[in-house]
Amino acid sequence: MSKHSKGMKLGTIAIHGGPQPDPRFGAVNVPIYQSSTFAFENAEDGAAKFKGERSGYIYTRIGNPTINALEEVAAELEGGCCSVALSSGMGAMSTLCFAVLKQGDHVVATHSLYGPSRLFIEKHMSRYGVTSTFLDTSDVQAVKDAIRPETKMIYIETPANPTMLVSDIQALAQVAHEAGAILVVDNTFASPILQRPLSLGADIVLHSVTKFINGHSDVVGGLLIAKDKEWGKKLRMAMKAVGTNMDPHQAYLVVRGIKTLKIRVLAAQENAKRMARLLDEHPAVEWVKYPGLDSHPQKDLVDKQMDGPGSLIAFELKGGYEAGKKLLDNIQIPVLAVSLGGVESLIQHPASMTHASMNHEERLSAGITDGLIRFSVGIEDGDDLIEDMRRVLDMLV
Ligand code: LCS
């Protein structure tokens, strides 16, 4: 923790957190230590570092000063003890599973997860003897009922991709701990600016850094942040073993992106609030799910555990998928692309894109209807975004 961010609020930590300025020459921005390996002072020094008796860098898969700068600021933002930076959000997911699970274990998870995250647990971990139950984790009793003696992890996305389902972190942490399991929260949609799961009892937080944390749609990356040192060590050991580490250049860009995390998240949220109101009131729209609307099914919980509703909106048009296709093909400012949380607005169709790895039945039972459109509202001028959307919606009435 730098002396400039100690005990400070998130907007200050995002800018001054981690080992800044760089201790060697006082560089205000963390240098890119683009080196795969680090020289030992002598044979005894190398042996001591390998034994863990002396701190210092050995090899970039194990640790690197630029990557470490990102890990430190991320841990400070989420209020964790430590973190590991991974090559992608899916790298974080696989590292987590290798660190936590073994043959015979059981996982309870949100039914509406990012498609490949669900696929990883359901189809890949099952080959190693791990079983799983996917359900509506906003229903705490249903989660309790799904717990088995061998349940090791409750894994939730809240808000969930792409349904915006919100689950009660505090209640589920209690359910997990009573069962001798851990609660892991994918905090990608909220970012630490709007939600800090570790302070609500979660054990580990996962991020696709690709999204808000980096924020400029130019890096793919992941993070795992642990509440305590035990889990921090296990995650690092798994990362070393699986080889899912981040690259120093990637880490440098993410540290740079984090400096504007707060203003980006808040600016996008302001635009999203306006956009959700427009969609909610427009006759071409069948329904809207946005945590900032009173109609959101878990609105009270949103107000309790989040500092704001964020900038992701799910909606469906009255004309279903056919009308949705017209919207996607005619809207001008939002880019028709997967991913989310960048400075630019991104719009996509989950059933045929991000959640195509789930079958139709699985999608419907998770609330991912064929006509659902997911809109990640960016930080463009809000008037332009609203004007653009209104023009296309008016065409569809
Ligand atoms: N968790 C969530 C909530 C995600 O949305 C994603 C990616 C991941 C984990 C995996 O992260 P990655 O490996 O891509 O960095 N979500 C995407 C999406 O909704 N569209 O494209 C990617």
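Atoms within each ligand, like the ligands themselves, are counted from 1 in listed order.
You'll find the side chain of I156 reaches within 4.5 Å of the side chain of L183, heavy atoms only. Between T110 and T158 the shortest side-chain heavy-atom distance does not fall below 4.5 Å. A 4.5 Å side-chain heavy-atom check between E44 and R54 finds at least one atom pair inside the cut-off.
Minimum heavy-atom separation, I225 to G80: CG2-CA, 4.0 Å.
Residue T354 approaches ligand 1 through these ligand atoms, each under 4.0 Å from one of its heavy atoms: 18 (C), 19 (O), 20 (N), 21 (O). Ligand 1 places these atoms under 4.0 Å from at least one heavy atom of G89: 10 (C), 11 (O), 12 (P), 13 (O), 15 (O). The L340 neighbourhood of ligand 1 comprises atoms 19 (O), with distances under 4.0 Å to a heavy atom of that residue.
Here's the thing with F189: none of its N/O atoms is less than 3.5 angstrom from an N/O atom of ligand 1. For ligand 1, the polar-atom distance check against D186 finds a nitrogen or oxygen pair separated by under 3.5 Å.
Side-chain atoms of T354 and Q348 include a donor-acceptor pair closer than 3.5 Å. A donor-acceptor contact closer than 3.5 angstrom links the side chains of S208 and K211.
Not a single donor-acceptor pair under 3.5 Å links the side chain of R236 to the backbone N or O of G63.
If you check which protein heavy atom lies closest to atom 21 (O) of ligand 1, you get S339 N, 3.0 Å. Shortest contact from atom 15 (O) of ligand 1 to any protein heavy atom: T210 OG1, 2.6 Å. Taking atom 6 (C) of ligand 1 as the reference point, the nearest protein heavy-atom neighbour is Y114 CD2, 3.3 Å. In terms of protein heavy-atom proximity, atom 5 (O) of ligand 1 is closest to N161 ND2, 3.0 Å.
With E78 as the fixed residue, the side chain to side chain donor-acceptor pair (under 3.5 Å) test singles out one of H207, K227, R196: H207.
Within the structure, ligand 1 has G221 among the residues with a heavy atom less than 4.0 angstrom away.
Using a 4.0 Å cut-off between heavy atoms, V209 makes no contact with ligand 1 at all.
Surrounding NZ of K262 are at most 12 heavy atoms belonging to other residues, nucleotides or ligands under 6.0 Å away.
When H207, K211, M90 are ranked by how near their heavy atoms come to atom 14 (O) of ligand 1, first place goes to K211. Closest heavy-atom approach to atom 19 (O) of ligand 1 among the candidates Q348, R374, M353: R374.
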